[in-house]
Amino acid sequence: QVQLEESGGGLVQAGDSLKLSCVVSGGIFNVYGMGWFRQGPGKGREFVASISSSGLTEVYADSVKGRFTISRDNAKNTVYLQMHSLKPEDTAVYYCAGRRITTYVTTESSYVFWGQGTQVTVSS
């Protein structure tokens with residue numbers, strides 16, 4: 001069974017940077033498109049970023065475009081989310097997720113494998 005484990009979250013101040021990692025095991029990593037979602041207090045799960053299985057195509061939510069970068073290293077079975085210029089509204093639990101080929105890369109239901117999440121807290 002495919003397993004995903006996120007790491008790299010923490011407490012930072014507004015304007016700081018963090019890099020999240022997600023290690024995938026139990027499957028053939030390079031057949032999955034990957035995404036990051038987040039869920040803030042009292043909010044639903046929100047799309048953040050997605051990257052294709054090849055790493056050639058990236059999609060970002062408008063709220064993070066220009067600040068966050070998604071990337072993957074297929075040799076390490078790992079996907080990353082580099083976050084810069086963090087804002088208090090970025091505070092959330094961040095989830096790594098995997099999908100197969102789809103045109104609906106921003107839709108939560110397209111993803112079939114999910115990690116447990118890592119907490120990111122941004123203070124003002």
Side-chain angles (χ1 to χ4, degrees):
Q1 186 173 4
V2 176
Q3 306 286 331
L4 289 73
E5 184 173 4
E6 304 97 332
S7 63
L11 174 63
V12 298
Q13 294 182 332
D16 284 354
S17 298
L18 276 177
K19 188 174 184 178
L20 307 182
S21 299
C22 173
V23 179
V24 180
S25 62
I28 305 173
F29 178 68
N30 63 5
V31 307
Y32 303 115
M34 300 296 298
W36 288 95
F37 289 75
R38 66 187 183 186
Q39 187 167 11
K43 300 170 66 176
R45 193 168 294 177
E46 174 189 21
F47 171 78
V48 176
S50 179
I51 188 166
S52 61
S53 59
S54 66
L56 295 176
T57 304
E58 302 164 27
V59 178
Y60 297 94
D62 288 343
S63 59
V64 306
K65 192 171 185 178
R67 298 188 297 123
F68 292 10
T69 301
I70 189 171
S71 62
R72 67 190 296 156
D73 186 338
N74 286 350
K76 296 181 178 180
N77 288 3
T78 303
V79 62
Y80 305 95
L81 185 68
Q82 177 66 64
M83 305 184 292
H84 295 295
S85 301
L86 284 163
K87 306 173 181 179
E89 52 262 45
D90 295 319
T91 295
V93 177
Y94 283 71
Y95 296 92
C96 177
R99 58 170 175 82
R100 297 190 183 274
I101 297 296
T102 180
T103 58
Y104 305 109
V105 300
T106 68
T107 302
E108 181 180 353
S109 61
S110 294
Y111 294 80
V112 295
F113 307 116
W114 293 85
Q116 292 297 117
T118 185
Q119 177 71 48
V120 173
T121 302
V122 185
S123 63
S124 59

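Numbers here are sequence positions counted from 1.
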Has T102 got a side-chain atom pairing as donor or acceptor with Y104's backbone, closer than 3.5 angstrom?
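Flag set: sc T102 to bb Y104 pair under 3.5 Å.
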Could you check whether any side-chain N or O of E6 sits under 3.5 Å from a backbone N or O of C96, counting only pairs where one atom can act as donor and the other as acceptor?
yes
Heavy-atom closest contact ([X] atom, [Y] atom, distance):
X	Y	result
N74	S53	ND2-O, 3.4 Å
R72	N30	NH2-CA, 4.1 Å
E46	S63	OE2-OG, 3.8 Å
V79	S71	CG2-O, 3.1 Å
V105	F47	O-CE1, 3.3 Å

Kindly indicate whether the side chain of [X], heavy atoms from C-beta on, has any atom under 4.5 Å from the side chain of [Y].
X	Y	value
W36	C22	yes
V24	F113	no
Y95	L4	no
T91	Q119	yes

Does [X] belong to the same Ile/Leu/Val/Met/Phe/Trp/Tyr cluster as [Y], with side-chain heavy atoms less than 4.5 Å apart forming each link?
X	Y	result
V23	V112	no
V12	L81	yes
V48	L86	yes

Tell me whether the count of non-hydrogen atoms from other residues, nucleotides or ligands lying under 6.0 Å of [atom1] in [X] goes above 12.
X	atom1	answer
Q13	CD	no
Q116	CD	no
Q39	CD	yes

Compute whether any side-chain donor of one residue and acceptor of the other, for Y80 and Q82, lie under 3.5 angstrom apart.
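No donor-acceptor contact under 3.5 Å links the two side chains.
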For the [atom1] atom of [X] and the [atom2] atom of [Y], what is their distance to the nearest 0.5 Å?
X	Y	atom1	atom2	value
S85	D16	OG	CG	9.5 Å
E89	S124	CD	OG	10.0 Å
S50	I70	OG	CD1	6.0 Å
F29	M34	CZ	CE	5.0 Å
D90	T121	CG	OG1	11.0 Å
K19	T69	NZ	OG1	10.0 Å

Output, in order, the C-alpha distance, side-chain angles, deciding distance and verdict of side-chain contact (heavy atoms from CB on, under 4.5 Å) for V120 and L20.
CA-CA 9 Å; V120 173; L20 307 182; 4.1 Å; yes
Please walk me through it: do V31 and R100 pass side-chain contact (heavy atoms from CB on, under 4.5 Å)?
CA-CA 7 Å; V31 307; R100 297 190 183 274; 3.7 Å; yes
In terms of ring plane angle, is the pair Y94 and F68 parallel, tilted or perpendicular, where the classes change at 30° and 60°?
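Answer is tilted, since the angle falls between 30° and 60°.
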Please confirm whether the ring centroid of Y111 lies under 6.0 Å from the ring centroid of F37.
yes
Between V64 and R38, is the side-chain contact (heavy atoms from CB on, under 4.5 Å) condition met? List the steps.
CA-CA 12 Å; V64 306; R38 66 187 183 186; 4.0 Å; yes
